[in-house]
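Working notes, structure below.
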There are 2 protein chains.
Amino acid sequence: MKELGTEKKIIIAARNIFIRKGMSGARMQEIADEAGINKALLHYYYRSKEQLFSAVFQEILIQILPQLFSIFKSDLPLEVKIYQLAERYVDFLQEHPEMPLFVLSELQRDPQQLFENLELSKVINLDNLKDQLISEAEKGNIRPISIEQFMINIVSMMVFPFAARPMFQRVLSIEDEAYAELLESRKTEVPKFFMSALRP
Amino acid sequence: MKELGTEKKIIIAARNIFIRKGMSGARMQEIADEAGINKALLHYYYRSKEQLFSAVFQEILIQILPQLFSIFKSDLPLEVKIYQLAERYVDFLQEHPEMPLFVLSELQRDPQQLFENLELSKVINLDNLKDQLISEAEKGNIRPISIEQFMINIVSMMVFPFAARPMFQRVLSIEDEAYAELLESRKTEVPKFFMSALRP
DNA sequence: TAATAAATTAACCATATAGTTTAACTATTT
DNA sequence: AAATAGTTAAACTATATGGTTAATTTATTA
């Protein structure tokens with residue numbers, strides 16, 4: 001591993017291992033090895049596995065959530081927003097395909113995690129989108145839809161195909177490459193589908 | 001626990017613990033306790049944790065997958081199919097909310113799992129639905145859509161809100177009860193949304 | 001009912017694992 | 001140069017954990 005600071009090396013190694021094996025499946029020795037350091041040194045920086053995991057998980061949330069929700073804040077027209085969102089989601093998730101399942105699993109194990117050290121309201125503001133949905137509906141441009149159903153639908157369609165990839169590939173008999181193309185095509189297919197659903 | 005056969009008690013206990021903690025998070029002692037038996041007896045019935053897990057996981061897949069995919073096989077009109085599906089998914093997942101995340105996580109850990117002992121092609125047959133999508137599109141009743149995109153969209157919208165419940169509740173500031181109602185309302189909201197998206 | 005087999009238990013074993021300690025060594029700072 | 005912080009190897013501790021053994025109890029069968 002190149003010469004980063006030790007602390008950074010630890011965080012990167014820990015993130016890799018935790019994401020691959022989950023909190024309970026990861027071993028401190030494994031993390032030390034991945035970081036190219038001694039196990040004692042690992043504990044020198046982070047007293048316990050719990051503490052290390054927490055640091056890693058918080059960092060991930062702080063990096064991920066803004067990425068995934070910042071688009072909703074912008075002032076772009078609804079349709080543009082949806083297209084941009086699809087593109088960003090697919091690009092991001094192609095690079096971090098294990099992320100959704102990891103985050104959701106650990107969040108299920110300990111739902112408090114999300115709360116700590118994270119001012120959600122500052123990162124995620126849906127007021128703009130909410131107004132947009134209302135005003136577009138009033139103008140007759142789209143059918144009325146609640147912000148909750150809107151968010152759940154779009155995020156589900158973007159994220160779930162990554163989390164459930166092994167299942168979908170098996171059930172639909174799709175090879176790796178074809179599935180990657182399919183995901184890529186969703187950059188435009190999902191927005192088209194979505195806009196069509198919203199037509200009044 | 002009531003008097004079931006020991007083997008059944010073990011399977012039930014193991015399923016509970018595995019679903020709650022995952023393969024690596026579960027402890028054999030914990031499973032024995034939950035079953036109300038001795039740990040040695042657990043190994044008497046299932047030589048290893050690996051073996052017990054495999055038995056449980058296979059049983060779950062064999063129970064779940066047909067439930068989730070049988071609807072697609074039927075001869076009902078497309079719209080009816082979609083409404084029925086939404087109702088069944090919500091009902092099933094309200095009763096087994098931890099199921100999706102558990103199955104997907106373990107499938108990611110070991111993607112081979114799905115293959116063993118399971119004749120997918122017999123359980124899941126999408127030919128009927130495929131024909132339906134083509135003929136309805138030819139008749140001009142719906143926009144053309146591939147079976148793959150169709151399946152991914154509908155399953156994502158039905159399943160993901162359960163897997164990502166903790167995240168959605170936090171991000172959208174929804175209390176437990178309200179979220180349950182929201183899920184219930186999706187029995188009709190998702191089909192409406194979906195049919196609207198399919199309009200030519 | 002005595003013999004045999006199956007079910008069940010308590011105690012045990014071996015290993016893995018998180019975490020600690022000590023002593024030495026190296027680079028950095030004062 | 002002395003002191004401080006970072007780093008290593010190695011041995012060690014305490015405990016958790018999967019798995020085993022041998023003995024006991026409870027059916028089953030002859």
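First the proteins, then the strands, lettered A, B, ... as listed; each starts at 1. Worth knowing before you read on, the calculation uses all heavy atoms, side chains too, and leaves out hydrogens, waters and symmetry mates. On a predicted model such as this, the values are computed, not experimentally measured, just so you know.
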Point to revise | Separation of atom NZ in Lys39(A) from atom P in dG6(D), rounded to whole Å | key: 21 Å
Review point. Going by atom types only, do Gln67(A) and Tyr89(A) share a side-chain donor-acceptor pair under 3.5 Å?
Key: no
Practice item. Could you check Leu41(B) against Ser48(A) and say which one's nearest nucleotide on DNA chain C is further toward the 5' end? Key: Leu41(B)
Exercise for review: Looking at every strand, decide which applies to Tyr45(A) at a 4.0 Å heavy-atom threshold: base, sugar-phosphate, or nothing.
Suggested key: sugar-phosphate
Review point. Please give, in whole Å, the distance from dA9(D) C1' to Gln29(A) CD?
Key: 12 Å
Review point. Strictly by modelled atom types, are Gln132(B) and Asn128(B) linked by a side-chain donor-acceptor pair under 3.5 Å?
Key: no
Review point. For the pair made of CD1 in Ile37(B) and C1' in dA7(C), what is the distance, rounded to whole Å?
Key: 11 Å
Review point. Within the structure shown, what part of the strands sits under 4.0 Å from Ala26(A) by heavy-atom distance: base, sugar-phosphate, or nothing?
Key: sugar-phosphate
Practice item. Determine the interplanar angle of the Phe53(B) and Phe57(B) rings, folded into 0 to 90°, and report it as parallel if under 30°, tilted if 30 to 60°, perpendicular if over 60°. Key: parallel
Point to revise | Nearest-angstrom distance from the residue atom CG of Asn38(A) to C1' of dA23(C) | key: 13 Å
Check your understanding: Between Arg47(A) (CZ) and dT21(C) (P), how many Å, whole number?
Key -> 11 Å
Exercise for review: State whether the distance check finds a donor on one side and an acceptor on the other, under 3.5 Å, for side chain Lys49(A) versus base dG19(C).
Suggested key: no
